Amino acid sequence: MHRTHTCGDIDVSLVNSKVLVSGWVVSIREMGKVNFIILRDRYGEVQVVFENKKPDFSLGYVVKVEGTVKKRPPEGVNPRMKSGEVEIYAESWEILNKSRPLPFLPEDDIDVFEETRLKHRIVDLRRPKMQRNFILRHEIILFIRNYMSSLGFLELETPILTKSTPEGARDFIVPSRIHKGKFYALPQSPQLYKQILMAAGFDKYFQIARCFRDEDLRADRQPEFTQLDVEMSFVSDIEDILKTIEPLIIEIFNRFANANLSSPLPRLSYLECMDMYGSDKPDLRYSIRFLDWTERFKGRGINIVDRVLENGGKVKVLRVPVKLSRGQIDKLLDDYKFMFARIENGKPSGNLAKFLNEEEIRENEGNTIFLFAGKGLNFLETLGDFRDRICKEFLKPEREWSALWVKDFPLFQWNEEEKRIEPAHHIFTSPYEEDMIYIKRLKESLVEQDEEGLKEISLKIRGKQYDLVINGVELGSGSIRVHNPELQKELLRIIGLSDEQIQERFGFLINSLEMGAPPHGGIALGIDRIVAMCAGENSIREVILFPKSTSGMALFENAPSEVDKSQLDELGICIKT
RNA sequence: GGGGACGUAGUUCAGCCUGGUUAGAACGCCGGCCUGUCACGCCGGAGGUCGCGGGUUCAAAUCCCGUCGUCCCCGCCA
């Protein structure tokens with residue numbers, strides 16, 4: 001027998017009981033005739049006393065100790081420890097396994113390079129903080145499973161070895177031994193399968209799905225990641241999905257992060273978002289937003305503004321409720337072009353000061369006003385960058401959590417480098433019925449190769465798409481799908497695929513749509529990001545057991561690695577050098 | 001693909017700018033002392049491919065070139 005109790009079980013209720021515990025030695029304090037160690041397991045820590053005995057332990061050893069639980073003397077109580085009122089008086093012990101000296105101690109406050117942590121991940125994972133993160137991850141996923149199941153969703157497993165569909169991200173590919181020269185691909189997401197499952201009549205599907213994308217990494221991006229994948233049938237309206245999923249999201253964040261979110265979450269259209277925040281994932285913990293002062297500033301005599309307005313541009317103003325120093329503003333001017341005014345004691349200063357009227361001065365006491373003039377999407381995105389920077393550098397969030405839905409994204413966007421139309425989200429998103437007329441015009445522009453027309457019209461077609469944004473981070477995205485095979489083919493043609501390519505790449509989807517696919521839609525939520533956020537972590541690597549490094553290396557097991565020549569021969573592959 | 005930061009003992013760092021004894025510190029490790037520690041304390045000891053390769057030099061951790069790795073950002077990615 002190895003234990004009667006876990007380390008976390010030991011408390012005052014066990015005083016005078018005989019216990020047997022096993023765990024890792026995480027602290028040794030030898031005083032001569034009396035020696036102390038701290039024993040830890042997943043459930044907690046407990047102090048063991050060796051009186052007139054000295055065990056041959058080192059940090060990291062796995063040991064078993066039998067003894068009696070005693071109350072500590074009053075001066076020996078450790079209030080920072082959960083079991084700090086008691087300790088185990090060791091009577092016998094055994095070393096279950098030795099440990100060579102650890103590269104670092106498995107404590108929460110370590111100061112170690114992430115490279116070292118990842119190389120010795122098991123030591124890293126022993127840290128209580130990491131254990132908490134993965135317990136939280138388990139609890140969130142369990143909660144999701146129970147929740148979805150209670151709503152009648154079925155968890156169905158879709159293939160990992162799938163077909164390469166080179167739209168979107170780069171695929172990881174897997175060579176086929178039996179069919180030399182052919183390849184499977186790992187799924188970027190179960191997108192096509194889940195739509196097919198709707199055609200198959202499963203009605204409500206979900207999956208905690210692993211997804212793979214062969215793109216460069218970031219702090220919040222890994223080549224393999226986990227999403228909650230959801231799809232449901234007989235929905236045509238965005239609200240059908242949002243109303244189903246929103247309570248789940250709110251409950252996750254309220255339960256696991258004390259977020260205090262409440263239904264309904266705000267819903268903003270993509271255009272509203274860009275207009276007010278310059279971003280399609282605004283951080284609404286900060287309330288500042290851009291005001292449109294185009295009409296107000298027409299003909300006030302500001303040359304730059306007049307010139308931009310002649311070109312059909314707009315005047316956007318951000319009122320920041322703090323007074324920035326001249327130095328701070330100069331630093332911003334290094335990166336952005338704007339006019340500004342600071343209003344203090346009724347007196348405006350700055351190059352915008354003399355153009356403000358009485359009312360504007362009165363309304364902005366104590367504020368710093370930034371004025372931008374420009375045109376187009378790039379202009380708005382720059383404003384969004386600016387707002388982010390102001391918030392980060394000069395403002396405090398007004399609330400801890402903010403969640404919203406952003407919806408009605410443009411279905412297409414113009415790819416300037418490749419001079420073609422591409423899907424903004426993915427090509428299976430349904431357009432709004434009332435925007436269908438533009439699809440016809442888009443086709444005409446394609447035939448005429450009218451680039452300006454394509455740019456203009458492509459922005460007018462709104463897709464039934466929605467993103468979930470929390471604290472400025474996109475946590476999920478979904479859409480009502482196209483269930484009409486003819487329309488689906490039409491959309492694929494618009495992004496430049498020939499009928500042959502459509503048949504070869506998406507034939508299995510089209511076939512499914514042709515055999516009675518119900519109207520359907522769904523969403524996918526990033527589990528790693530959700531868990532990281534609930535855990536208060538900035539990087540999803542803190543909630544992934546064995547994450548890859550920035551260059552895609554698995555530092556613990558050292559992958560990717562070379563394979564035997566015989567393995568390559570079997571696959572009919574030779575390596576170019 | 002591009003930009004920035006970092007790489008010296010098991011770990012985290014100092015030393016590098018301004019080249020020159022035996023490359024230091026803290027924690028960890030090993031040995032010893034200590035009956036109430038919890039960052040225990042005290043004494044002693046072991047431990048180094050200064051990421052790797054090349055160059056400059058009488059001499060390189062230090063200067064130069066290249067390369068590899070890690071982290072952050074842009075591109076890319078929903």
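All chains are named by letter (A, B, ...) in the order of the sequence lines, taking the proteins before the strands, and each is independently numbered beginning at 1. Just so it is clear, the model here is predicted, and its values are computed rather than measured.
- More than 12 heavy atoms of other residues, nucleotides or ligands shown are found within 6.0 angstrom of CG on A:Asp237.
- The two residues A:Gly521 and A:Val235 have their closest heavy-atom pair at N-CG2, 3.4 Å.
- Computed from coordinates, the A:Ile110 CD1 to B:A39 C1' distance equals 16 Å when rounded to whole Å.
- Spacing of P atoms, B:G4 relative to B:A26, comes out at 37 Å, to the nearest Å.
- Counting atom types as modelled, A:Arg213 pairs no side-chain N or O with a base atom of B:C77 as donor and acceptor under 3.5 Å.
- In this model, the phosphate group of B:C38 is not approached by any side-chain N or O of A:Ser27 to a distance below 4.0 Å at OP1 or OP2.
- Phosphate proximity of B:C71 to A:Arg117: absent, as no side-chain N or O sits under 4.0 Å from OP1 or OP2.
- Between the C1' atoms of B:U12 and B:A39, the separation comes to 16 Å (whole Å).
- Separation of the P atoms belonging to B:U22 and B:C73 is 45 Å when rounded to the nearest angstrom.
- Counting distance only, with no hydrogens placed and no angle test, the side-chain atoms of A:Glu87 and the base atoms of B:G36 include a donor-acceptor pair under 3.5 Å.
- Residue whose closest nucleotide on RNA chain B sits further toward the 5' end, between A:Asp220 and A:Lys119: A:Lys119.
- The listed nucleotides are B:U70, B:A78, B:G36; the one nearest the side chain of A:Pro73 is B:G36.
- Regarding contacts with the backbone of B:G75, every side-chain N or O of A:Arg170 stays at 4.0 angstrom or more from both OP1 and OP2.
- Shown here, B:A78 forms no base pair; nothing in the strands shown gives a Watson-Crick or G-U wobble contact with both key distances under 3.5 Å.
- Following rounding to the nearest Å, A:Leu217 (CG) and B:C71 (P) show an atom-to-atom distance of 8 Å.
- Summarising the geometry, the separation between NE2 on A:His120 and P on B:U70 is reported as 14 Å, rounded to the nearest angstrom.
- Rounded to a whole angstrom, the distance from the P atom of B:A23 to that of B:G48 is 12 Å.
- If you take CZ of A:Phe36 and P of B:C38, they are 9 Å apart, rounded to a whole angstrom.
- Not one N or O on the side chain of A:Ser479 forms a donor-acceptor pair closer than 3.5 Å with the backbone of A:Arg481.
- On a pure distance criterion of 3.5 Å, no polar donor-acceptor pair joins the side chain of A:Asn78 and the base of B:U37.
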Derivation and outcome, side-chain hydrogen bond (donor to acceptor under 3.5 Å, both in side chains), residues A:Asp528 and A:Gln222: CA-CA 10 Å; A:Asp528 308 292; A:Gln222 282 276 307; over 6 Å; no

Polar-atom pairs under 3.5 Å, protein N or O versus N or O of nucleotides 23-30 of chain B: list them with distances, or write none.
unit_1: B:C30; atom_1: OP1; unit_2: A:Ser58; atom_2: OG; d: 2.6

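- Partners of A:Arg267 by salt bridge (Lys or Arg N to Asp or Glu O under 4.0 Å), not counting sequence neighbours, listed by chain and number: A:Glu239, A:Glu246.
- Atom CG of A:Leu265 is separated from atom CG of A:Leu284 by 10.5 Å, given to the nearest 0.5 angstrom.
- Contact record, A:Asp41 with A:Cys7: OD2-N, 2.7 Å, taken as the closest heavy-atom pair.
- Interface remark: the A:Arg72 side chain does form a donor-acceptor pair with the B:C38 base, using a distance-only criterion of under 3.5 Å.
- Both distances falling under 3.5 Å, in either a Watson-Crick or a G-U wobble arrangement, place B:C29 opposite B:G45.
- When rounded to the nearest whole Å, the span between CD of A:Gln222 and C1' of B:C76 equals 16 Å.
- Toward the 5′ end of RNA chain B lies the nearest nucleotide of A:Asp216, the other residue of the pair A:Asp216 and A:Asp467 mapping further downstream.
- Remark: aromatic rings of A:Tyr286 and A:Phe394 are distant, center separation not under 6.0 Å.
- Taking only side-chain atoms of A:Glu75, from C-beta outward, the nucleotide of B:U11, B:G36, B:C72 with the closest atom is B:G36.
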Intermediate values then yes/no, salt bridge (Lys or Arg N to Asp or Glu O under 4.0 Å), A:Asp9 and A:Arg3: CA-CA 11 Å; A:Asp9 288 335; A:Arg3 56 185 180 190; over 6 Å; no

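- Within 3.5 Å, a donor on the side chain of A:Gln47 pairs with an acceptor on the base of B:U37, or the reverse.
- When the P atom of B:U12 is taken as reference, atom CG of A:Asp111 falls 8 Å away, rounded to whole Å.
- In this structure, OH of A:Tyr89 is placed 12 Å from C1' of B:U37, rounded to the nearest angstrom.
- A:Thr116 has no side-chain polar atom (N or O) that falls below the 4.0 Å cut-off from OP1 or OP2 of B:G10.
- In this structure, the OH atom of A:Tyr270 is 16 Å from the P atom of B:A78, given to the nearest Å.
- Residue A:Arg29 places at least one side-chain N or O closer than 4.0 Å to OP1 or OP2 of B:C40.
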